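Atom set for the values below is all heavy atoms of this structure, side chains included, hydrogens, waters and symmetry mates excluded. Keep in mind it's a predicted model, so treat the numbers as computed, not measured.
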Amino acid sequence: MGFLEAGIPMEWQDTKEYHEILEYVLKHGADQFLEVYRRVKDRKNDVLKWGDEVEFHIFKLNEKEESAAISLKARDLIQKLSEEDELLKKKGDTIYSIWHPEYGAWMIEAPPNKPYGNSATDLRTVEPNLRNRRKRILDALGEDEGVIGLVAWPRLGCEGFLAQPAPTGGPVSKSLFLPDSLINPHPRFGTLTRNIRKRRGKKVDIDVPLYIDENTNVEKLPKYSVVSKCNLTKSERKEIYMDSMGFGMGCCCLQVTFQARDIVESRHLYDQLAVLCPIFLALTAGTPILKGLLADTDVRWSTISQSVDCRTPVENGCVETSTTLEGAEVPQRGRMKIRKSRYDSIDSYISTSPLLKPEYNDNETEIDEPTLKKLLDNGVDEVLARHIAHLFIRDPLVIFSDRVKVRDDSTTEHFENIQSTNWQTMRWKPPPMESNMGWRVEFRPMEMQLTDFENAAYTVMIVLITRVILFFDLNLYIPISKVDENMKTAHMRDAVTKQKFYFRKDLVPLESQCGPVSEEKLPDVESEYELMTIEEILVGKGEAFPGLVPLILAYLEIIECDDETAQMIEDYIDFVVDRAKGDVLTTAKWIRGFVDSHPEYKKDSVISKKIEYDLVKRCLDISNGKVHDSTLLGNNRVCPMNENGSGEVGGKKMFPRSCDLEEEVKTKDFKRLRGSSFQEDVGMSPAAAFKCAVVKSLIAKYKDGSKRQHVLKESLGFANTPAFLSTK
C-alpha cells in the first residue's frame, strides 16, 4: 500500500502547533523532491525492469454452518512466510515473492521477490510466479482457511462476516459496521483511518447505487442518518451506505510498475498509459457486490475514492471560510475548493513531448502556489512543476513524531508522505534517495482477478502495450477531461461490452518517421477523438485505427519473439479480446450470473450468508484449478494447486501452459523487449525507409486477423528481410 514507515504516529489535531508541523512537512517534502530531481534528472539508459503487485483476502470456511468469514491473521501469516523464506535462503533455494501488509488485517500483498527483466522470455515467468505465491500462502494456512483474489469481500460489514467477532464503533473509525480490529496493526493504517476522519470533521461517507432487481424493496433496507459533506445537516441515506476506510482499502487490486530508461520516457509513459486506465478498469471489472448488496456498478474505484476522501467543507466547495470544530483551537484546514478525492484519476499530463498540446490538459487543476514557485525557481519545467504542486494541495496524513525534522539530503520520506497518499490511476515515481532504481511509473486501475492466468494475462498485456507505445511512437492523447468521463463510464454495469469510451481516432505507428496515413489536417482537438467500444480499441476500427492488438503482434514479429513465448502471449491476448467481445465474462458479470441463478436468491439485491458461502467456495475452486468454468475463462484451464509439472493429468495434456511453480526458460534465443523509438533502434536513413512499408504490412496482416503467425518470412514473403534489431 505504498510508503510504509514505522514510529510514533501523531493524531490529527486542529491546533496551531499541529498545523505548523503540517506546513513544515509540506515545505520540506518539496525540498526533498528537488534534492532527488537535481541528483538524478540526467540519469540515462536504465534497462526495463517491471513487476506486478497482487493482493488477497484470507478467510475461513465453516462447512457445518455453511458460512465464510474473513480471518484476521495476515500479520501472523506474513511472519510465518518470512521465516520460511529465511530457511529457504539458508538452503540456497530461490525466493519468488516477498510479503507485505495491506490495510486489512485479513489481507496480504505479494509482489515478486525481484523485478522481471527486459527479455521476451521473462513474460513466460509471470504466471508460474503468481502460482508460486498463491501456493506458498495456501501451504501456510490451516485446513479450514483459504486465500482468494476477490476484489471486495461480499458481505463485509454484515452479520457474521468476521471470523474473530469484535464490537463496532471503535475509537479509530467509529464505524457502524466494521470493528477497528480489522485494521492492520501497523501504525500507518490506523492513523490514516483516524486522521482522515478527524480532518474531515466526521466519518467518511461512501454511497454506491443499489442494483434494483425484480423484488428489490428499498424501503425495507436499513436507513442511516448521515451528516452532509458540509457538516451542516443530516440526511437519511438508503441504498448501499458505508462509513469506513476499510470498505475501500479492503479491496484487492492488480498493479504493475515499470522502470523507464530516463525521466523523459517515464513522463511519456505516464501520459499514454493514463488514457488506458479506464479501459483496463472496465476490462478487469470484478466488484458487483458491496456490503452484502448487489451494486449498480461493476468496479471498486469510486468506493475507495470515497473511503479516503479527507476534504473539509471549504475543499468541498460548501463554504468559503473554514469553521472551528468543537474542541479545536483553530479552524479546519482548507484554502480552496478541490474537485476530487485524493484517490481518483490523474488531473494532468506531464510529458515534455511536442505531442502534448495545451488543449489536452483541459481540467482546472488546483495548485499549491508556494510549491509551484519554489520548483520553478529551482529549474523544474512548468508542466512537471504543476504536477508536483498539485500533489501538494493535500496535507500529509501520517506524521511520525520522531521523524519530523530529518535531513532533506538523505531522505525523501516527507515527499513520499505526500506522494504515497495521492492514490491516482497512475503514479509517477522518482528514484529513491541513494538507490539504484530509476524513474518509474505505476499502472494502478486494474481489479484483482480470481486466477493466476487472468492476472498474468492482464499484466503481460500492459507490459507489451508499454513496449508498443515506445517502439511505434504512438500518440494516445485525448483531453484529460475525456479520460475522467471514461472513468465514470467504466463504473457502469458491463461497461466492457455495453459502453463506448473516448479514444483517439488515428492510432498511427511511426507517424513522425514514416508519415501519417492521411495528409488531411484535423481542424481542432475535438476532431481527434471519438467514442469506441473496447473491442474496437483492441482489435481496430477503420483504416486509420489498427487497434492495440495488431500492433502488439506486429511488434512480437519484429523482435523475432520465440514461438513458445509468442503462443503464450496469443493465449493471453485472445482471452482479453474475448472479454472485450463478451465471449467470456468479466468477474463482475460472472458473479452476477452466479447470484441470479442461486436457489436462495430472491431477486431482491440481497446476498445471504448461504449465497456468499457458495460463491466463495466456487471462486476458490476456480482459483485453485479444481473446477473449470468456460464462461469465465474460455478454454484456458488453470493448473490445479496439487499439480506441478508438465500440465499432464493421467498422461493427457490438459493445460496449454506448464504447471511448474516456476518456469525455467531454457531458450538461448534472448530477444529484448525493445521500447525505445523505432527511429533510434532501427535508424531511419533512406536505405532503411523500406522498413516502414514492412511494418505497416505486418500491422495490416494482424489487423485482418485471419491467421496469426509470427514468421514474417513464411507469411508475407520477405525472405531476404534482415533482422530489424540487433540483439547484441
Side-chain angles (χ1 to χ4, degrees), residues 55-77 102-108 134 137-138 140-170 175-184 211 213 220-222 240 242 244 246-247 250-252 286-295 448 450 587-588 590-624 626-627 629 641:
E55 299 161 354
F56 297 101
H57 301 291
I58 308 301
F59 65 94
K60 282 193 172 186
L61 281 176
N62 187 324
E63 293 190 6
K64 183 177 180 180
E65 296 183 3
E66 294 189 316
S67 64
I70 58 172
S71 181
L72 308 182
K73 65 173 300 178
R75 188 178 192 178
D76 293 340
L77 178 62
E102 254 301 331
Y103 177 87
W106 74 96
M107 302 171 72
I108 185 169
R134 188 190 297 268
I137 297 171
L138 272 174
L141 294 173
E143 289 186 6
D144 61 343
E145 296 172 327
V147 56
I148 202 165
L150 281 166
V151 180
W153 189 255
R155 298 183 72 255
L156 187 73
C158 300
E159 180 189 357
F161 81 95
L162 190 56
Q164 299 87 4
T168 58
S175 171
L176 296 172
F177 314 108
L178 304 182
D180 287 348
S181 61
L182 60 66
I183 303 171
N184 190 294
Y211 171 69
D213 209 341
K220 286 188 176 181
L221 296 176
I240 307 179
M242 295 164 280
S244 176
F247 286 106
C251 292
C252 295
T287 321
I289 300 173
L290 290 163
K291 212 186 78 174
L293 295 167
L294 282 173
M448 185 68 177
L450 288 178
T587 307
W590 178 86
I591 289 174
R592 289 183 189 278
F594 182 93
V595 171
D596 192 59
S597 63
H598 195 282
E600 194 167 295
Y601 180 57
K602 300 176 182 178
K603 309 286 185 182
D604 58 357
S605 309
V606 177
I607 308 302
S608 67
K609 285 185 179 181
K610 171 63 171 167
I611 295 173
E612 178 186 53
Y613 172 76
D614 290 340
L615 174 63
V616 170
K617 281 196 69 175
R618 183 70 172 182
C619 290
L620 187 65
D621 287 345
I622 291 172
S623 300
N624 294 340
K626 186 176 179 180
V627 169
D629 192 321
M641 274 297 164

Original post:
Closest heavy-atom contact between G286 and I591?
Top reply: O-CD1, 4.4 Å

**OP:** Would you name the heavy atoms of A68 and L61 that are closest together and state the gap between them?
**Re:** CB-CD2, 3.6 Å

Original post:
Taking NZ, NE, NH1 and NH2 as the nitrogens, is one of them in K610 or D614 under 4.0 Å from a carboxylate oxygen of the other?
Top reply: yes

**OP:** Taking all non-hydrogen atoms of both residues into account, name the closest pair between C251 and F247 and its distance.
**Re:** SG-O, 3.6 Å

**OP:** Give me the ring orientation class for W153 and F59: parallel if the planes are under 30° apart, tilted from 30 to 60°, perpendicular past 60°.
**Re:** tilted

Subject >> Close side-chain approach of W106 and N184, heavy atoms under 4.5 Å >> reply: no

**OP:** Taking the side chain as every heavy atom from C-beta outward, state whether W590 and D629 have any pair of such atoms under 4.5 Å apart.
**Re:** yes

Original post:
Rounded to the nearest 0.5 Å, how far apart are CG of L156 and CD1 of I70?
Top reply: 5.5 Å

Original post:
Taking C-beta and beyond as the side chain, do V147 and L138 meet within less than 4.5 Å on heavy atoms?
Top reply: yes

Original post:
Do L178 and L162 touch side chain to side chain, with heavy atoms closer than 4.5 Å?
Top reply: no

Original post:
Donor-acceptor pair, Y103 side chain versus M107 backbone, under 3.5 Å?
Top reply: no

**OP:** Go through the steps to decide whether E102 and C252 satisfy the test side chain to side chain contact (heavy atoms under 4.5 Å, CB included), and finish with yes or no.
**Re:** CA-CA 9 Å; E102 254 301 331; C252 295; over 6 Å; no

Subject >> Where A588 and P288 come nearest, the two heavy atoms and their spacing >> reply: O-CG, 3.6 Å

**OP:** Give a yes or no on whether a salt bridge exists between E145 and K73, defined as a side-chain N under 4.0 angstrom from a carboxylate O.
**Re:** yes

Original post:
Is the shortest distance from a Lys or Arg side-chain nitrogen in K220 or D604 to a carboxylate oxygen in the other one below 4.0 Å?
Top reply: no

Original post:
Any sub-3.5 Å donor-acceptor pair from T287's side-chain atoms to A152's backbone N or O?
Top reply: no

Original post:
Heavy-atom distance under 4.5 Å between the side chains of L294 and R592, does that happen here?
Top reply: yes

Original post:
Taking C-beta and beyond as the side chain, do L150 and L450 meet within less than 4.5 Å on heavy atoms?
Top reply: yes

Original post:
Side chains of V606 and L293: closer than 4.5 Å at any heavy-atom pair?
Top reply: yes

**OP:** Evaluate the side chain to side chain contact (heavy atoms under 4.5 Å, CB included) criterion for residues L77 and I58: first the C-alpha distance (whole Å), next the side-chain angles of each, then the deciding distance (0.1 Å), finally the verdict.
**Re:** CA-CA 9 Å; L77 178 62; I58 308 301; 3.7 Å; yes

Subject >> Exercise: identify the closest heavy-atom pair between A69 and A163 >> reply: CB-N, 3.5 Å

Subject >> Test log, rule side chain to side chain contact (heavy atoms under 4.5 Å, CB included), inputs I607 and L615 >> reply: CA-CA 10 Å; I607 308 302; L615 174 63; 5.8 Å; no

Original post:
CG/L72 to NZ/K60 distance, rounded to the nearest 0.5 angstrom?
Top reply: 10.0 Å

Original post:
For E159 and K609, what are the C-alpha separation, side-chain angles and deciding distance, and is it a side chain to side chain contact (heavy atoms under 4.5 Å, CB included)?
Top reply: CA-CA 9 Å; E159 180 189 357; K609 285 185 179 181; 4.0 Å; yes

**OP:** Working to the nearest 0.5 Å, report the span between NZ of K64 and CD of E66.
**Re:** 12.5 Å

Original post:
In terms of side-chain geometry, is the basic nitrogen of D213 or K602 positioned less than 4.0 Å from the acidic oxygen of its partner?
Top reply: no

Original post:
Between atom NZ of K626 and atom CG of D621, what is the distance when rounded to the nearest 0.5 Å?
Top reply: 5.0 Å

**OP:** Answer yes or no for R155 and Y613: cation-pi contact, defined as NZ/CZ to six-membered ring centre under 6.0 Å and angle to ring axis within 45°.
**Re:** no

**OP:** Could you tell me whether the side chain of D596 reaches within less than 4.5 Å of the side chain of K603, counting heavy atoms only?
**Re:** yes

Subject >> Over all atoms of both residues, closest heavy-atom pair of T168 and S175 >> reply: CB-O, 3.5 Å

Original post:
If you measure from NZ on K617 to CD on E612, what distance do you get to the nearest 0.5 Å?
Top reply: 13.5 Å

Original post:
Does the side chain of Q164 pick up a donor-acceptor pair with the side chain of S71 at under 3.5 Å?
Top reply: yes

**OP:** Quick one: pull up NE2 in H598 and CD1 in I611 and give me the separation to the nearest 0.5 Å.
**Re:** 5.5 Å

